[in-house]
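Below you'll find the structure, written out as structure tokens, and then a few comments.
Naming: A, B, ... by sequence-line order, numbering from 1 per chain.
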Amino acid sequence: MSAIAPVKGTRDFYPNQKAFQRWMYDHIRAVSEKFGYQEYEGPFLERLELYAAKSGEELVQEQSFVFPDRGGEMIALRPELTPSLARMLATRSKSMIRPIRWWSFGPFWRYERPQKGRSREFFQWNIDLLGVDSPQADAEIVVVAAAFFKAIGLTAKDVRIKVNNRRLADQQLDKLGVPPERHQQVFRLIDRRSKLNAKEWNTYAEEIGLDQEQIVGLEDLLNNSVAWREFDELKDFFDAVEQMGASEYVEYDPIVIRGLDYYTGNVFEAYDAVGEERAILGGGRYDDLVADIGGEPLPGVGFAMGDVVTGIVLDKCGVRPDLRANPADVFIPTFDESSRGEALRLAAELRVAGLKVEWFPEIARLPKQFKYADQQGIPLAVILGPDEIELDQVAIKDLRTGTQTTIPRSKVIERVRELLEPRNEL
RNA sequence: GUGCCCGUAGCUCAAUGGCAGAGCGCCUGACUGUGGAUCUGGAGGUUGCGGGUUCGAGCCCCGUCGGGCACCCCA
């Protein structure tokens, strides 16, 4: 038990956990770049008012880490990235060539009660396509998400991306005679459908002023899995998803609404197939946000994916990789004082040749040294003890197979590279 | 912010209100130039923290910190 407790809702990243995060980051980068997106970063601190503009009330008032700076300005640890993105673009949008494809991965903070899949400090992948307002742009963003899932080993049987459209939902409620000012409440009702039983749900629906006819109509809507066919924005979207080969991951779901106020068109969320966990990612189209923050009108679509739920789903599906913390290529044991200098020279020589080399920093029993190398996951040991020095040789032991050969010292770099070759094909 | 459950060795967990333990891991040796297997021995604890009840508290009570679950919300 540590003397000073960690801050509630934060996590320590020990090397193997950091290796996992790095692995996720590498896939995020690879997929983002595969679609031509560029990496960017915003500040971790923003004025609170940036979020007051368009994020939900609850988000600003209850769930942000906020403090006054010395001048009395209210500062927030960023709870999301999209407003920062909008601000960055608002100041330069006139000079930017469109479309704009940007992605980012970094820390965010929310003052919430931590529980499974939800911490106060977490990492998020944000990716956005701006300057274009088309269902095909929405489709590309969703296909990026599907490509990422595929890359990290989550199949269409493991995860689903569920899509709906704000305007369609509004139209549907209009048809039921729900006045526009009630839509928000009804969206909340829809969101609760999976959490309440039929009777509770009915009671709740009555409480917000729906009559029986409207409730029945609403249920019909929520059970209608083909309503998208009558709605061009979704029809074109699903066509494009199909053309990009990601249909298996993507489906229409009238229950997806999203909490944020700034979404205007297609919205989506990804869940584990069983639907037990929180959303893995969520996003949608936000056509007014940049203008609201003071820039030129700039339509956009994007999503954010948290690292916590993604990790849980990987565990659940049994595809979390077993990662070691970036082991060296070569291990060099230390025999005695007389040979230590030569061993250090050899290590330096191999590093100059571009290899990752770790030596044992004290004279210790060899079993201990080899055990250490094995546990680190280092594939090769290059052995230069008194006997080898005498004969101008080195012994190379492949710790993966246990085979050891002795070669002239002058051949060591060449031989090590050969032995590492298959490893680098990964 | 509300309610409930939990907190014992590095990890996973035992211990009726009565001597704080096991497995795994770690260190050590069997094996003084070679890892994984097996066996030997060892270290490791103010039972999250603070108070209270009691002859006696890991266990009961109160508070606090941390974790989990359900609300709330979900960027």
Counting only heavy atoms not in Arg167(A), do more than 12 fall under 6.0 Å of its CZ? yes

Electrostatic pair [X]:[Y] at N-O distance under 4.0 angstrom:
X	Y	result
Arg29(A)	Glu33(A)	yes
Asp287(A)	Arg166(A)	no
Arg285(A)	Asp133(A)	yes

Tell me the interatomic distance from [X], atom [atom1], to [N], atom [atom2], rounded to whole angstroms.
X	N	atom1	atom2	answer
Asp12(A)	G10(B)	CG	C1'	14 Å
Tyr14(A)	C11(B)	OH	C1'	12 Å
Arg120(A)	G66(B)	CZ	P	7 Å
Arg118(A)	A70(B)	CZ	C1'	11 Å
Arg110(A)	C72(B)	CZ	C1'	14 Å
Arg188(A)	C74(B)	CZ	P	6 Å
Phe331(A)	G36(B)	CZ	P	14 Å
Ile257(A)	C73(B)	CD1	P	15 Å

Using atom [atom1] in both nucleotides, what's the gap between [N] and [M] to the nearest angstrom?
N	M	atom1	answer
U8(B)	G67(B)	C1'	15 Å
G1(B)	G10(B)	C1'	36 Å
U47(B)	G42(B)	P	23 Å
G7(B)	C61(B)	P	13 Å
G58(B)	A15(B)	C1'	9 Å
U64(B)	C4(B)	P	13 Å
G44(B)	G3(B)	P	43 Å
A9(B)	G51(B)	C1'	26 Å

Does Gly9(A) reach a base, just sugar-phosphate, or nothing at all? Heavy atoms under 4.0 Å. sugar-phosphate

May I ask you to say what Arg11(A) touches in the nucleic acid, namely base, sugar-phosphate or nothing, with a heavy-atom cut-off under 4.0 Å? nothing

In terms of side-chain heavy atoms of Glu112(A), which of C74(B), C73(B), G35(B) is nearest? C73(B)

Phosphate OP1/OP2 of [N] contacted by [X] side-chain N/O (<4.0 Å):
X	N	answer
Gln115(A)	A70(B)	yes
Arg400(A)	G35(B)	no
Lys116(A)	G68(B)	no
Arg192(A)	C72(B)	yes

Check whether [X] reaches the backbone of [Y] with its side chain - one donor and one acceptor, N or O, closer than 3.5 Å.
X	Y	result
Asp272(A)	Glu277(A)	yes
Trp201(A)	Ile190(A)	no
His183(A)	Val178(A)	yes

I want to check a possible cation-pi pair here: Arg78(A) against Phe108(A), using under 6.0 Å from ring centre and within 45° of the ring axis as the test.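 Yes, a cation-pi geometry holds between Arg78(A) and Phe108(A).
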
So, does the side chain of Arg113(A) form a donor-acceptor pair with the base of C72(B) at under 3.5 Å?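 Checked by distance alone, the answer is no.
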
Watson-Crick or G-U wobble mate for [N], both contacts under 3.5 Å:
N	result
A70(B)	U2(B)
G56(B)	none
C24(B)	G10(B)
G17(B)	none

Produce the list of close N/O pairs, under 3.5 Å, pairing protein atoms with atoms of nucleotides 26-33 of chain B; give distances to one decimal.
unit_1: C26(B); atom_1: OP1; unit_2: Gln375(A); atom_2: NE2; d: 2.7
unit_1: G33(B); atom_1: O6; unit_2: Asp387(A); atom_2: N; d: 2.5
unit_1: G33(B); atom_1: O6; unit_2: Asp387(A); atom_2: OD1; d: 2.8
unit_1: G33(B); atom_1: O6; unit_2: Asp387(A); atom_2: OD2; d: 2.6
unit_1: G33(B); atom_1: N1; unit_2: Glu388(A); atom_2: OE1; d: 2.7
unit_1: G33(B); atom_1: N1; unit_2: Glu388(A); atom_2: OE2; d: 3.0
unit_1: G33(B); atom_1: N2; unit_2: Glu388(A); atom_2: OE1; d: 3.3
unit_1: G33(B); atom_1: N2; unit_2: Glu388(A); atom_2: OE2; d: 2.4

Using the closest heavy atom to pick a nucleotide of RNA chain B for each, name whichever of Leu81(A) or Pro114(A) lands nearer the 5' end.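 With Leu81(A) and Pro114(A) compared, the 5'-side residue is Pro114(A).
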
For the residue pair Phe13(A) and Phe123(A), categorise the inter-ring angle as parallel (less than 30°), tilted (30 to 60°) or perpendicular (more than 60°).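 Judged by the thresholds at 30° and 60°, the geometry between Phe13(A) and Phe123(A) is perpendicular.
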
